[in-house]
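These notes concern the structure reproduced below.
First listed ligand is number 1; within each ligand, the first listed atom is number 1.
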Amino acid sequence: MARALVTGSTSGLGLEFAWQLAGTGHDLVLVSRDQDRLAAVAEQIRDVHSVTVEVLPADLSDREELERVALRLTDPVDRVDLLVNNAGYGLRGGFLEVGVEDHEKQMDTLMRAVLVLSHAAARTMVQRRKGAILNVSSLAGYTTAGPYAASKSWVTVFTESLAMELKGTGVSATALLPGFVQTEFHERASMSMDGLPRITWLKAPYVVEQALKDTAKGNVLSIPSVKYRTAGEFSRIAPRPLVRAITSPDWYRRLQARSVQRSQRRASRRNLHAPWQREDET
Ligand SMILES: NC(=O)c1ccc[n+]([C@@H]2O[C@H](COP(=O)([O-])OP(=O)(O)OC[C@H]3O[C@@H](n4cnc5c(N)ncnc54)[C@H](OP(=O)(O)O)[C@@H]3O)[C@@H](O)[C@H]2O)c1
């Protein structure tokens, strides 16, 4: 039976990875900070699927705790066949509004942890000539939306380079580049996404299914949905001044402004109708 280690498995994409992998018979090692939530997820999965689920609570921005996870990846007996580097979060506010310690912590989680865990996993997997690494990046990495985007750009380039280095070893590396996905990501960063059209959102089960298919095929990049593959191509080949103009770090402020305009338009449309024609305000 194969075993997968998934970081950030208490919610969103990581939780979905855990369920889908358990559903296809993978034993699991689940890594996140919230111990109670991890234990609850593990119990729920064990109740439904006949797989073993280990929990390994760790804050991946902490060097010692990260080292424990790296050690687990090099275990020669209870080996890990698939590493999913998924844990991550956003920070609300521009570069100067956020303290530099918070930026550093975020970079340690988004980049350093991916580097260290990929290194530990790849070395062990290459010895066995078998294994796969799936790094959750983001389409934001093709944009200029602040340190988060820069970190995700690093994850994509790093994974592409690792995939080339691993060619012929029996081990693969895949970067997942999702667009907007309905998870706890934006709520945790206190970002209201009301101004975003509904069509832009993807659902976690779909994104994870596509990512696992691409990983099984050994594809280097996984970009779920035609709309986001098109957006990805556009942002890759578009002139950089245009990309900068559209995705500059104040994109969130513009999104909020659009949201306010929309609700004002909706309110004025309501006022054109007689009271009995108005929609309920609930
Ligand atoms: N949602 C989107 O629109 C979107 C788009 C593109 C890419 N992504 C990427 O997808 C990945 C998963 O995010 P999500 O959308 O599923 O968000 P989410 O629902 O907020 O889940 C994030 C997970 O990461 C864990 N985590 C955060 N910081 C951690 C740390 N320092 N150490 C260990 N675990 C940590 C959280 O668990 P604990 O709090 O228990 O630690 C949680 O399980 C991230 O890398 C994100 O950048 C998301």
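D214 and S222 form a side-chain donor-acceptor contact under 3.5 Å, judged by distance and modelled atom types alone. Side-chain contact of R240 with T144: a donor-acceptor pair under 3.5 Å is absent, judged by distance alone.
Residue-level proximity to ligand 1 for H186 is carried by the side chain, the only part with a heavy atom below 4.0 angstrom.
Under a 4.0 Å criterion applied to the non-hydrogen atoms of D59, ligand 1 contributes the atoms 30 (C), 31 (N), 32 (N). In the vicinity of Y148, heavy-atom distances shorter than 4.0 Å reach the ligand 1 atoms 7 (C), 8 (N), 9 (C), 46 (C), 47 (O). Of all the atoms in ligand 1, the ones that sit under 4.0 Å from a non-hydrogen atom of N86 are 11 (C), 12 (C), 44 (C), 45 (O). Counting the atoms of ligand 1 from 1 in the order shown, those under 4.0 Å from a heavy atom of G12 are 16 (O), 19 (O). Atom numbering of ligand 1 starts at 1 in the shown order; those under 4.0 Å from a heavy atom of V136 are 9 (C), 10 (O), 11 (C). Here is the list of ligand 1 atoms found below 4.0 Å of a heavy atom in F180: 3 (O). Listed by number with element, the atoms of ligand 1 under 4.0 Å from a non-hydrogen atom of Y89 are 28 (N).
Not close to ligand 1: E65, with no non-hydrogen atom less than 4.0 angstrom away. Heavy atoms of R188 come nearer than 4.0 angstrom to ligand 1 in at least one pair. Look at A113 and you'll find every heavy atom at least 4.0 Å from all atoms of ligand 1. Under a 4.0 Å heavy-atom criterion, K105 is not in contact with ligand 1. Distances from ligand 1 to the non-hydrogen atoms of A204 include no value under 4.0 Å. Not close to ligand 1: T7, with no non-hydrogen atom less than 4.0 angstrom away. The shortest separation from a heavy atom of A58 to ligand 1 is under 4.0 Å, placing the residue in contact.
The aromatic ring centroids of Y228 and F234 lie 6.0 Å or more from each other. Aromatic rings from H186 and W201 are positioned such that their centres are separated by under 6.0 Å.
Between V31 and ligand 1, no pair of N/O atoms sits closer than 3.5 Å. Looking at K152 next to ligand 1, an N or O pair under 3.5 Å apart turns up. Taking any N or O of L60, backbone or side chain, at least one lies under 3.5 Å from an N or O belonging to ligand 1. Ligand 1 has a nitrogen or oxygen under 3.5 angstrom from a nitrogen or oxygen of L13.
Annotation: atom 19 (O) of ligand 1 to nearest protein heavy atom, S11 OG, 2.7 Å. At the shortest separation from atom 13 (O) of ligand 1 among protein heavy atoms lies F185 CD1, 4.1 Å. Looking at atom 14 (P) of ligand 1, its nearest protein heavy atom turns out to be T183 OG1, 3.5 Å.
Of the options N85, N135, T174, a side chain to side chain donor-acceptor pair (under 3.5 Å) to T159 is made by N135 and by none of the others.
The residues R63 and E104 are annotated as not salt-bridged, no charged nitrogen and carboxylate oxygen being separated by less than 4.0 angstrom. A salt bridge links R236 with E233; the closest basic N to acidic carboxylate O contact falls under 4.0 Å.
Counting heavy-atom neighbours within 6.0 Å of E97 CD, excluding the residue itself, gives a total above 12.
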Open item on the list: Show, in sequence, the C-alpha distance, side-chain angles and deciding distance for E184 and R37, and conclude whether the salt bridge (charged side-chain N to carboxylate O under 4.0 Å, His left out) test is met.
Closed with: CA-CA 14 Å; E184 294 179 14; R37 230 173 143 181; 2.5 Å; yes
